[in-house]
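Position 1 is the first residue of the sequence, and the numbers go up from there. First listed ligand is number 1; within each ligand, the first listed atom is number 1.
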Amino acid sequence: MLLAAPRGYCAGVDRAVIAVEKALDHYGAPVYVRKEIVHNKHVVTGLEERGAIFVNEVDEVPEGSVLVFSAHGVSPAVVKASEARGLNTIDATCPLVTKVHREVQRFAQEEYDILLIGHEGHEEVEGTAGEAPDHVQLIDGKDGIANAQVKDPKKVIWLSQTTLSVDETMETVLKLREKFPTLQNPPSDDICYATQNRQVAIKKVGAESDLVLVVGSANSSNTVRLVEVALEAGAKAAYRIDYASEIQEQWFEGVETVGVSSGASAPEELVDQVLEYLADKGYGAPIEITTAEEDVQFSLPKELRKDLKSAGQDTSNKVKRS
Ligand code: 0CG
Ligand code: SF4
């Protein structure tokens, strides 16, 4: 059994989940959350049990309530709608997503055409593109490249969603550059450290595994990318599972080495359950394959910190999880 490291929670997910937990403790239920706080079934169900109410849009939230924006970010239009409704908002957008929003603002101001590589319909790209809809074109697959048009070839830059496959994105950039040779690179990587680190680790694990299991939910972009990257790295088979109970017996035919990882929104307890299942099947103790050490931590959203501070409560992003 090979266990990829890093795996699981990134700093942005950890902060967003703790923000909802602390908001529930501080303001009391219900606390509303726009969209899934992070893309994980187990996390969302657990928070619902504690009194969080997940909504799709701001107009579903009663006036004057507490509303948390998810880690994937929101467009300025959503912020405006929340203000108009008099909501007490807590912005749990990951700072690394906010960084991409700022890049969009900056390059839009300088009248650039921005080619945003990402997945259509994903909340993050909706929020990012919403910063400057007139300047942003979404590049999702071949059609996106074919349809891209720019006003001034000297003023065109690509940016991206934070949770894409690094290799696939670089291939897209090469194709875009064939069309727009003066295409500029982002000032710094938009694909975040956590996405990159988990892909490097799963590549190593995938190359040595007959079967790879990735814990995470179907709508989690970074999780789904890990399954793809494992297969590209040479794993004979790779599956995404929310829970150990979804593992199927027939996946193990002729399998000697099993690799395990988890997406940035998957709690470690779910990985532990998979490891227990595999140990029971006789795959022995896991050997951890570590390709990077992570020590990134983000402080809680400022609105929450302020309210906790004035109530004399702990503003650190630590919480006891049972
Ligand atoms: O990977 P995506 O962007 O779909 O999100 P998820 O919630 O799974 O994890 C990172 C965040 C936020
Ligand atoms: Fe932030 Fe990256 Fe985690 Fe998304 S995956 S929440 S961008 S650290």
Protein contact of [atom] - nearest heavy atom, named by residue and atom, plus distance:
{"atom": "atom 4 (Fe) of ligand 2", "answer": "T162 OG1, 4.0 Å"}
{"atom": "atom 9 (O) of ligand 1", "answer": "N222 ND2, 3.1 Å"}
{"atom": "atom 7 (O) of ligand 1", "answer": "H39 N, 2.6 Å"}

Would you please classify the geometry between the F252 ring and the Y283 ring as parallel, tilted or perpendicular, with 30° and 60° separating the classes?
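Tilted.
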Using a 4.0 Å cutoff against the non-hydrogen atoms of [X], which atoms of ligand 1 qualify?
{"X": "S221", "result": "1 (O), 2 (P), 4 (O)"}
{"X": "V38", "result": "7 (O)"}
{"X": "A71", "result": "12 (C)"}
{"X": "S265", "result": "6 (P), 7 (O), 8 (O), 9 (O)"}
{"X": "H122", "result": "2 (P), 3 (O), 4 (O)"}
{"X": "H72", "result": "3 (O), 5 (O), 6 (P), 7 (O), 11 (C), 12 (C)"}

Under the side-chain contact (heavy atoms from CB on, under 4.5 Å) test against V274, which residue among V214, V258, I247 passes?
I247
Please report the C-alpha distance between R50 and D25 in whole Å, then the side-chain angles of each, then the deciding distance to 0.1 Å, and finally whether the salt bridge (charged side-chain N to carboxylate O under 4.0 Å, His left out) criterion is met.
CA-CA 9 Å; R50 293 182 55 177; D25 289 346; 3.5 Å; yes
Side-chain heavy atoms nearer than 4.5 Å, only ILVMFWY residues, links allowed to pass through others: does that put V17 and L308 together?
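Yes; tracing contacts between hydrophobic side chains, which count when under 4.5 Å, links both residues.
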If you group Ile, Leu, Val, Met, Phe, Trp and Tyr by side-chain heavy-atom gaps below 4.5 Å, do V61 and F54 land in one group?
no
At a 4.0 Å threshold, what atoms of ligand 2 neighbour a non-hydrogen atom of [X]?
{"X": "C192", "result": "2 (Fe), 5 (S), 7 (S), 8 (S)"}
{"X": "C10", "result": "3 (Fe), 5 (S), 6 (S), 8 (S)"}
{"X": "Y193", "result": "8 (S)"}

Within the 6.0 Å centroid threshold, strictly below: Y243 and H42
yes
Any heavy atom of T223 sitting closer than 4.0 Å to ligand 1?
no
Tell me whether ligand 1 is touched by N219 - counting only heavy atoms on the residue side and a distance under 4.0 Å.
yes
Name of the residue among H119, H101, H39 meeting ring pair (Phe, Tyr, Trp, His ring centres under 6.0 Å) with H72
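Result for ring pair (Phe, Tyr, Trp, His ring centres under 6.0 Å) with H72: H39.
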With nothing but distance in play, are any N or O atoms of S220 less than 3.5 Å from an N or O of ligand 1?
yes
Can you tell me if C94 has an N, O or S atom under 2.8 Å away from atom 1 (Fe) of ligand 2?
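Under 2.8 Å: C94 contacts atom 1 (Fe) of ligand 2 through an N, O or S atom.
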Any side-chain to backbone donor/acceptor pair from S262 onto G8? Under 3.5 Å, distance only.
yes
Could you tell me whether the side chain of S209 and the main chain of V212 form a donor-acceptor pair under 3.5 Å?
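Looks like no, no N/O pair under 3.5 Å.
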Assess whether atom NZ of K41 is packed by more than 12 heavy atoms of other residues, nucleotides or ligands within 6.0 Å.
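At most 12 heavy atoms, drawn from other residues, nucleotides or ligands, come within 6.0 Å of this atom.
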